[in-house]
Protein chains: 2
Amino acid sequence: MTGRLKPRLAPRPLDPVVRRLRTLGPLSEAEQELLRTLSDRRERYTTGEELVPEGRVATKPRFIVSGWACRQRVLPDGRRQIFQFLLPGDGFGLPKKPSSPELAAVVALTAVETVDAEPALEAAQSGRAPGLARAFAGVQQLEQGLLLDHMVRLGRQTAYERVAHFLLELQRRLEIAGLGDSQRFPLPLTQEILADALGLSIVHVNRTLQQLRRERLIELRSGVAILLQPQLLSGISDFRTGGPHGGAPFRRVHTAEPA
Amino acid sequence: MTGRLKPRLAPRPLDPVVRRLRTLGPLSEAEQELLRTLSDRRERYTTGEELVPEGRVATKPRFIVSGWACRQRVLPDGRRQIFQFLLPGDGFGLPKKPSSPELAAVVALTAVETVDAEPALEAAQSGRAPGLARAFAGVQQLEQGLLLDHMVRLGRQTAYERVAHFLLELQRRLEIAGLGDSQRFPLPLTQEILADALGLSIVHVNRTLQQLRRERLIELRSGVAILLQPQLLSGISDFRTGGPHGGAPFRRVHTAEPA
DNA sequence: CGGGGGTTTGACGAACGTCAATCGGGGTGG
DNA sequence: CCACCCCGATTGACGTTCGTCAAACCCCCG
């Protein structure tokens, strides 16, 4: 457990959730109030605990209010693939076919606190909270996009590009969540976790990080990451802020378009 | 253009769609009839054509009634990642935030025919067709599962495992669609397309296929694949039919559970 | 003063990519 | 009907990236 999340006598522990959903469309006062009321049925998990086991019937929707978690699968021989990181403000188990099996486990990567999201989801689906409904739709779209980004990393980028791209993604997400600035953010992940997310070995992650450090592109100290030259990192990894994908500086030979 | 899809004076060209959705829950006669009525506004594309460009605002929902397509992204230097194959009976552009940009392009891999899915989607969302609504929810869940499977392949499986796992996935999907049997199915894909889906080079795909052939696990001839020993392939690639994931024959050292 | 988890390093090997040439089959124009 | 052509499949030689093994190191804590 790196990360050092202080219990922090938070004035408004649900802020990350409100903040997150507001980036996806305006929320009425009532809707924001509803979100802040979710504090009931708070649950706490410690590092390594499973919030949702894989394969069982779908669980209730919840928001993460503090700590980091991930969605993952583990192969029978122990290999693990992390699909997605869940940060404060993120939800899981949100929109799903009722009695379907979970497609991936959700596991706490640090100490984690969650709250019940059911009331918010219900309000959205019943039409009583159109702002929330739009926000949830936006969340789903965004998450889908993150999954595809991750897939590109795994399938078509080098270790170097993967790490750079991934760090940029985290920076952006954490800044939106109000947990980091344009360069600096908490990174409570071991290199093993990074490896399992990025499809690399621990050793290779280590060497790649060191290369980025040597080149003065990043700094990593005690659970905090600093992107010294975000611009360069973006160039290296073809990171796009969210606009239309696919500029075309130059082009490979072997993928000829038929038309 | 391999694949040899005959125009086929189909008695009921929408069968794949009906068949596909029925596997996800019962459909009333009226609902099936609605699906068969979609024949209007049929569209045709040839190999390589873009059905949906990336980044533009979301398009109308459509079903594929014949031919193969894929969802993909292309990096500025020409590297390509294919996320998903769309087979007859599959839809695209189905459930989405209205005015959001497309996250990936949809491209025809063979000659392709599509029909407008809007009426079906509307009927489902309006509550007039609960069976269809359940089916669409199921589709989305299934597709999400396929994406995660694909991610595991890319991140944590060897070339050999990836190819085996991928062929098993296609076999199952095509059998469900009524386009193949338990061993044999059409495979109108070049090795370049396979490479871009599986995150490998063309050459390595070729060698991997040959290894599988040498070992008498598969056969490939003129656009048709035959899985000679599906059981063995499943074992090799940890392919699961859809039940709960994660049996545990043996286990690696380095991923120790904290608990 | 130990101990344990995480990080770092070196040496080595295997998997995979690149380059380039060849092959093979189906389509096409003569 | 046949020669030619083009695209995709195949093969060999070689280079690089990345994984594995194992040891050392570091730091925080008990």
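Naming convention: chains lettered A, B, ... in sequence-line order (proteins, then strands); numbering from 1 in each chain.
Atoms CD (Gln211(B)) and P (dA9(D)) sit 19 Å apart, rounded to a whole Å. Atoms CG (Leu154(A)) and P (dC18(D)) sit 13 Å apart, rounded to a whole Å. Separating the CG atom of Leu220(B) from the C1' atom of dT10(D) is a distance of 14 Å, rounded to the nearest angstrom. Nucleotide dA15(C) holds its P atom 16 Å from the CZ atom of Arg156(B), rounded to whole Å. Nucleotide dA15(C) holds its C1' atom 13 Å from the CZ atom of Arg79(A), rounded to whole Å. Taking atom CD1 of Ile202(A) as the reference point, atom P of dT20(D) lies 10 Å away to the nearest angstrom. For the pair Gln157(B) CD and dA14(C) P, the computed distance is 21 Å after rounding to whole Å. We find that CZ of Arg221(B) is positioned 17 Å from C1' of dG24(C), with the value rounded to whole Å.
Looking only at atom types and distance, the side chain of Gln81(A) has no donor-acceptor partner in the side chain of Arg156(B) under 3.5 Å away. Between the side chains of Arg207(B) and His204(B), not a single donor N or O lies within less than 3.5 Å of an accepting N or O.
Among the protein residues, Leu209(B) comes within range of no part of the nucleic acid, since none of its heavy atoms lies under 4.0 Å from any strand. Using a 4.0 Å heavy-atom distance criterion, Arg213(A) is classed as a sugar-phosphate-only contact.
Listed by chain and number, the residues in a side-chain contact (heavy atoms from CB on, under 4.5 Å) with Leu179(A) are Pro88(A), Leu174(A), Ala177(A) (sequence neighbours excluded). With sequence neighbours excluded, no residue satisfies salt bridge (Lys or Arg N to Asp or Glu O under 4.0 Å) with Arg162(B).
Contact annotation: Asn206(B) side-chain N/O to dT10(D) OP1/OP2 distance is under 4.0 Å. For Gln210(B) and dT11(D), the shortest distance from a side-chain N or O to OP1 or OP2 is below 4.0 Å. The shortest distance between the side-chain N/O atoms of Gln191(B) and the OP1/OP2 oxygens of dC7(D) is not below 4.0 Å.
Atom CZ of Arg44(B) is surrounded by 12 or fewer heavy atoms from other residues, nucleotides or ligands within 6.0 Å.
Nearest nucleotide to the side chain of Leu200(A), out of dA11(C), dC21(D), dC18(D): dC18(D). Checking dT9(C), dC16(C), dG19(D) against the side-chain heavy atoms of His204(A) singles out dG19(D) as nearest. Taking only side-chain atoms of Arg207(B), from C-beta outward, the nucleotide of dT7(C), dT11(D), dG19(D) with the closest atom is dT11(D).
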Stepwise side-chain contact (heavy atoms from CB on, under 4.5 Å) test for Glu169(B) and Phe85(B): CA-CA 11 Å; Glu169(B) 175 183 311; Phe85(B) 289 94; 6.0 Å; no

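The backbone N or O of Asp181(A) lies less than 3.5 Å from a partner atom in the side chain of Gln171(A), making a donor-acceptor pair.
An angle of 30°, rounded to 10°, separates the two end axes of the helix from dC1(C)-dG30(D) to dG30(C)-dC1(D), each defined over five pairs.
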